[in-house]
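Just follow the structure's listing: the first ligand is 1, and inside any ligand the first atom is 1. Note that this is a predicted model, so its numbers are computed, not measured.
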Amino acid sequence: MDQSYVRIFDTTLRDGEQSPGASMTSAEKLEVARALARLGVDVIEAGFPAASPDDLEAVRRVAVEVGNPPAGADPEARVPIICGLARATKNDIDKAWEAVRHARHPRIHTFLATSDIHMQYKLRMSRDQVMETVGDMVAYARSLCPDVEFSPEDAGRSNPEFLYQVLAIAIQAGATTLNIPDTVGYTVPEEFGALIAGIIKNTPGVQNCIVSTHCHNDLGLATANTLAGIRAGARQAEVTINGIGERAGNTSLEEVVMSLKTRHPIYNLNTGVDTTQIARASKMVSNYTGIIVQPNKAIVGANAFAHEAGIHQDGMLKNQQTYEIMHPETVGVTQSRLVLGKHSGRHALKVRLNQLGYNLSDEDLMKAFRRFKDLADKKKMITDADLEALVSDEVYQPQEIFSLDGLQVACGTMGLPTATVRMRGPDGQLHIQAAVGTGPVDATYKAIDAVVQSPAVLLEFAVHAITEGIDALGEVTVRIQSCDGDSKLDAQHEVSVARTFGGHGADTDIIVASAKAYLSALNKYLVAKGAESEKVTEQ
Ligand code: KIV
Ligand code: ZN
């Protein structure tokens, strides 16, 4: 085992998707999995297959399409391990195996809580029962899959001696990775590092396994705890893009990977991540989930490489290293610069998009080109950031059930804000509706609701300018919750939680961008609802 290599286990599609509002469609999950494979993560936890047939199918698609080299590629090409989560029950383990078995390297990840509070109140199991179940279920998972990960949930608050015993049982039953979760984000770095060191020192058979960290960010310490765990000997880190996840989130991939890279002389450890793909993956996850990245977020926030203070700008001009510990290009942040203009052709657009890492199909390129021409008529300078927003707005959208065909808004200080929308429905017909509201966005959303007839509650609405200047492209991100009690099973809490959907839209007119964002979230919801009702009719 190479002791200088830290495996990056990404759980954006499982623990990340479990966070309120982060629901993604199956197609979006596949795109994110592809982005994770391009990043070079070692393991993709693609979901919790027992949650629903949809979740199982989404994990299966990732296993088939991302867990194997693409057709025509070098058959020896490196592909990530595809992992499915399972509670410690035969049914969950069977479902996880059914979902991941088509991957070249499948993994089953099973878990059971070991803290007194979880065993007493949540599981209602004694220590003996927990030990017996862990032995039985890890052995069962291992009888199906050669790669089995076991997690003692709430390890951060578990009795260390009991933890060593449970982990030893898991190893004997065939676990190959032991993941140590700080489920509630309670520990501090010295403590979490000591916990990992104690496990490595005191658990019989541990030398044949990979020890892993899984930290939550309730005290803002997830990255610090993960790094402390790595220093103590953990060689796998469980992380998510942008740090999304339950409550305050999980450890963020970009923070751990860039800490190990930027402070290499301290850690002397490597990962297989191509860091230049980080910015793009971050943007994709934010667009798909509707979870906005805070501007001052380390590595991927909009201000992470911005230098506002005059004294900083002066230093930067003299020598970049005065205030910059990483080059923005290292994480894939390209300088916003003039790239293309009104007279640029399709080929020039394709070349620039390729340079930015987008390999679009002919059909998607055509769509992007139409939008580009449209934008070039309105905006003189088109930058890389504009192009990226345009591609994600035009290409990475859910299946269109309803599409916006026209929008007219009247607002201001005189009269009531009024919006009229013209939309094409699934029947191919045009529908026109008008509505008044408290403002132009409210009026637009009410008019859209009148057409779609599947009203939703708007949980979050945010708008930001992609580039500077009065003609900037505005990007809107929304999160909605359906009003008809739609819900999904949550693995750890064993309860159904209301499903929320994110959407995004970009346009030089922010009311149009707002309408597109709302429609993209509604379309996602309608696709999910359609899939559910198909299942009901089949039964
Ligand atoms: O936080 C946690 O304990 C988990 C486990 C399922 C690994 O997500
Ligand atoms: Zn977790």
Side-chain angles (χ1 to χ4, degrees), residues 7-20 22 43-51 55 59 81 83-89 92-93 95-96 100 107-119 121-123 130 133-134 137-138 141 147-158 163 166-167 170 175-187 192 195-196 199 209-223 225-226 229 234 236-253 256 489-495 497:
R7 286 148 196 82
I8 299 297
F9 175 117
D10 183 279
T11 182
T12 305
L13 294 173
R14 199 279 299 169
D15 217 338
E17 217 242 355
Q18 206 167 300
S19 62
V43 187
I44 296 176
E45 186 163 55
F48 168 43
D55 287 74
V59 177
I81 294 170
C83 174
L85 183 72
R87 288 167 296 189
T89 68
D92 272 32
I93 292 170
K95 294 248 160 68
V100 298
R107 175 179 293 184
I108 296 175
H109 175 191
T110 188
F111 70 98
L112 193 63
T114 49
S115 65
D116 289 338
I117 187 160
H118 275 228
M119 289 187 295
Y121 294 103
K122 185 179 100 162
L123 300 177
V130 166
T133 309
V134 169
M137 289 304 114
V138 170
D147 185 347
V148 174
E149 172 167 326
F150 170 70
S151 293
E153 191 189 6
D154 204 16
R157 292 189 299 171
S158 300
L163 205 52
V166 174
L167 292 173
T176 42
T177 299
L178 302 174
N179 178 46
I180 311 304
D182 181 14
T183 304
V184 291
Y186 180 68
T187 62
F192 192 72
L195 178 66
I196 298 290
I199 287 168
C209 293
I210 303 281
V211 175
S212 165
T213 63
H214 179 109
C215 299
H216 280 267
N217 204 28
D218 299 65
L219 292 173
L221 293 171
T223 299
N225 286 345
T226 299
Q236 174 178 285
E238 300 204 351
V239 292
T240 61
I241 302 286
N242 299 339
I244 66 168
E246 288 270 347
R247 306 178 310 277
N250 286 63
T251 308
S252 110
L253 177 145
V256 171
L489 180 66
D490 173 313
Q492 272 163 280
H493 309 100
E494 312 208 11
V495 289
V497 286

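Here is the list of ligand 1 atoms found below 4.0 Å of a heavy atom in S151: 7 (C). Near P181, the atoms of ligand 1 lying under 4.0 angstrom from a non-hydrogen atom of the residue are 2 (C), 3 (O). Remark: ligand 1 atoms within the under-4.0 Å shell around heavy atoms of E153 are 3 (O). Using a 4.0 Å cut-off to heavy atoms of H216, the atoms of ligand 1 that qualify are 1 (O).
Taking any N or O of T183, backbone or side chain, at least one lies under 3.5 Å from an N or O belonging to ligand 1.
Vertex the Zn ion (ligand 2); arms to H216 atom NE2 and D15 atom OD2; angle 100° (nearest 10°).
Inspection of the S151 and H109 side chains reveals an N or O donor paired with an N or O acceptor under 3.5 Å. Using a 3.5 Å distance cut-off with no hydrogens or angles, the side chains of N250 and T240 do not pair a donor with an acceptor. Defined by atom type and a distance below 3.5 Å, a donor-acceptor pair is missing between the side-chain atoms of E149 and T177. Counted by atom type alone, S115 and S158 present zero donor-acceptor pairs between their side chains at under 3.5 Å.
Of all the heavy atoms of E149, none lies under 4.0 Å from any atom of ligand 1, so neither backbone nor side chain is involved. Proximity of E246 to ligand 1, defined as any heavy-atom pair under 4.0 Å, is not found for any part of the residue. Contacts between D15 and ligand 1, counted as non-hydrogen atom pairs separated by less than 4.0 Å, involve the side chain only. Residue contacts with ligand 1 for H214 involve side-chain atoms from C-beta outward but no N, CA, C or O (heavy atoms, distance under 4.0 Å).
The shortest heavy-atom distance from H109 to ligand 1 is under 4.0 Å. For the ligand labelled ligand 1, residue R14 lies inside the 4.0 Å heavy-atom shell.
For the pair K95 and D92, the salt-bridge criterion is not met [side-chain N within less than 4.0 Å of a carboxylate O].
Put simply, the residue from T251, T223, T183 that forms a side-chain contact (heavy atoms from CB on, under 4.5 Å) with C215 is T251.
Looking only at distances, a side-chain donor or acceptor of T176 sits under 3.5 Å from a matching main-chain atom of V148.
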>> For R7 and E238: C-alpha separation, side-chain torsions, deciding distance, then whether salt bridge (charged side-chain N to carboxylate O under 4.0 Å, His left out) applies.
In response: CA-CA 9 Å; R7 286 148 196 82; E238 300 204 351; over 6 Å; no

